Amino acid sequence: MQPLRKPQNPNFSSGPCSKRPGYDVSQLDLSTLGRSHRSRIGKAALELACTKTALLLGLPEGYRVGVVPGSDTGAVEMALWSLLGPRPVDVCGWESFGMEWVTDITKQLKLENTRIFKADYGLLPPLAELNFEHDVVFTWNGTTSGVRVPNGDWIPSDRAGLTICDATSAVFAMEMPWEKLDVITYSWQKVLGGEGAHGMLILSPRAVARLESYSPPWPMPKLFRLTKGGKLVEGIFAGETINTPSMLAVADYLDALQWVEDLGGLSAAIARSEANYQAIASYVDTHDWIAFLAQNADTRSTTSVCLTLDATPDEVKAIVKLLEQESIAFDIGAYRDAPPGIRIWCGATVDAGDVACLMEWLGWAYQSVVKG
Ligand SMILES: Cc1ncc(COP(=O)(O)O)c(C=O)c1O
């Protein structure tokens, strides 16, 4: 039977992700548009983006937050190019984005003392085998496989190397052990439903100490330069961006942060993602034709939920198309490099009622296409 009710919002893409409930572009504070980003109001907006982020996330004293070019990729690559070299590197990859950082480190930076910890889609590599005398590079939540690290218990507090964490689909949706992370990156268009444009780069005091004591032997493009004369460029972490940002995207980010604050802060944002995930888990538990791609329950992502269906790749495509035609769900096909299946975004901007509704429609679409 075709369900009666449709999701109120069919946007379940894993990036750019759905705008927050009640989002209205005309409500943004656009007073900075057409002004210099270095003007008093421009800089104040950028600085607020940094300070409000730190406050809402509850970052430890001494952690810097900066807005950088190139979205999450820009923030990660800036960190890799600026920090790596003095110690051996252990890098993890268990889906397409993590494997990009493996490529950066081994094929572009060509760091010889590198160990690669790989796992197939659905699994995590053996985290217990990482050596924290080395610098460790990993993704908190593998957006294209729906596999995340369960927590930070495997990271020692007294490590000698740095931990560099691509956390783009985790920040504002998952508990993060900030003290165990030296570099954290994310972008605005994921959990907060902001606009794609800029990356957020968060540095621990240990990461700053590395920047100020080590100068990489390779050329450093201006876009990646975090130090001048051996000192951190503190301005980058106080609203003085390296180059010109989109002030419209900044206004949109500030709106998203205000929404998180109004919701009740970080814990409320996390609770929304978990409720969304739970709506899927309850359905998967009671239907045997659908399963999580993540093989272990404690590694299942609560934002980018990847599912496999008891169906051929063509049938999966037909299901995705049918749900789109019915305006039930947009952009839920698995990532192009991932095994065939579907991926449902469950970040904070999505409503649990809509996810539960989508699951009923998915059951209907499966019956229509596969059992026809
Ligand atoms: C884990 C992860 N890393 C990196 C990226 C790339 O992010 P961006 O497009 O913001 O550079 C994504 C995008 O989906 C991602 O999910």
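All values derive from a computational prediction rather than experimental measurement. Counting starts at 1 for both ligands and their atoms, in listed order.
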Exercise for review: Give the residue, atom name and distance (to 0.1 Å) of the protein heavy atom nearest atom 16 (O) of ligand 1.
Suggested key: Thr143 OG1, 2.4 Å

Practice item. Could you find the nearest protein heavy atom to atom 3 (N) of ligand 1 and give me its residue, atom name and distance? Key: Asp166 OD2, 2.6 Å

Review point. Counting both backbone and side chain atoms, is some N or O of Trp101 under 3.5 Å from an N or O of ligand 1?
Key: no

**Study point:** Atom indices of ligand 1, in the order listed, that fall short of 4.0 Å to a heavy atom of Ser187
**Key:** 10 (O)

**Study point:** ILVMFWY network linking Leu201 to Tyr63, side-chain heavy atoms under 4.5 angstrom
**Key:** no

Check your understanding: Tell me, which protein residue and heavy-atom name are nearest atom 4 (C) of ligand 1, and how many Å apart are they?
Key -> Asp72 OD2, 3.0 Å

Review point. Phe132 vs Trp154 aromatic rings, parallel, tilted or perpendicular, using cut-offs 30° and 60°?
Key: tilted

Practice item. Could you say whether the N/O atoms of Ser14 and ligand 1 ever approach to under 3.5 Å? Key: no

Review point. Where do Ala269 and Ala348 come nearest, in terms of heavy atoms and distance?
Key: O-CB, 3.6 Å

Point to revise | Contact atoms of ligand 1, heavy-atom distance to Thr168 under 4.0 Å | key: 1 (C), 2 (C), 3 (N), 12 (C), 15 (C), 16 (O)

Review point. Do Trp188 and Tyr253 have ring centres separated by under 6.0 Å?
Key: yes

Exercise for review: Take every heavy atom of Val76, measure it against each atom of ligand 1, and state whether any distance is under 4.0 Å.
Suggested key: no

**Study point:** Shortest non-hydrogen separation from Ala318 to Val369 and the atoms involved
**Key:** CB-CG1, 3.8 Å

Point to revise | Ligand-residue contact atoms, ligand 1 with Asn141, heavy atoms, under 4.0 Å | key: 1 (C)

Check your understanding: Counting from 1, what ligand 1 atoms have a heavy atom of Thr139 closer than 4.0 Å?
Key -> 1 (C)

Review point. In terms of ring plane angle, is the pair Trp361 and Trp364 parallel, tilted or perpendicular, where the classes change at 30° and 60°?
Key: perpendicular

Check your understanding: Is the closest heavy atom of Gln189 to ligand 1 under 4.0 Å?
Key -> yes

Practice item. Return the option from Gly196, Ser71, Ser145 holding the heavy atom at the smallest distance from atom 8 (P) of ligand 1. Key: Ser71

Check your understanding: For the residue pair Ala119 and Pro125, what are the closest heavy atoms and their distance?
Key -> CB-N, 3.5 Å

Practice item. Would you confirm whether the ring centroid of Trp289 sits within less than 6.0 angstrom of the ring centroid of Tyr366? Key: yes

Point to revise | Close approach, Lys190 and ligand 1, non-hydrogen under 4.0 angstrom | key: yes

Review point. Using the benzene-type ring in the case of Trp, are the ring centres of Tyr121 and Tyr335 under 6.0 Å apart?
Key: no

Review point. For atom 11 (O) of ligand 1, what is the nearest protein heavy atom, given as residue, atom name and distance?
Key: Thr73 OG1, 2.5 Å

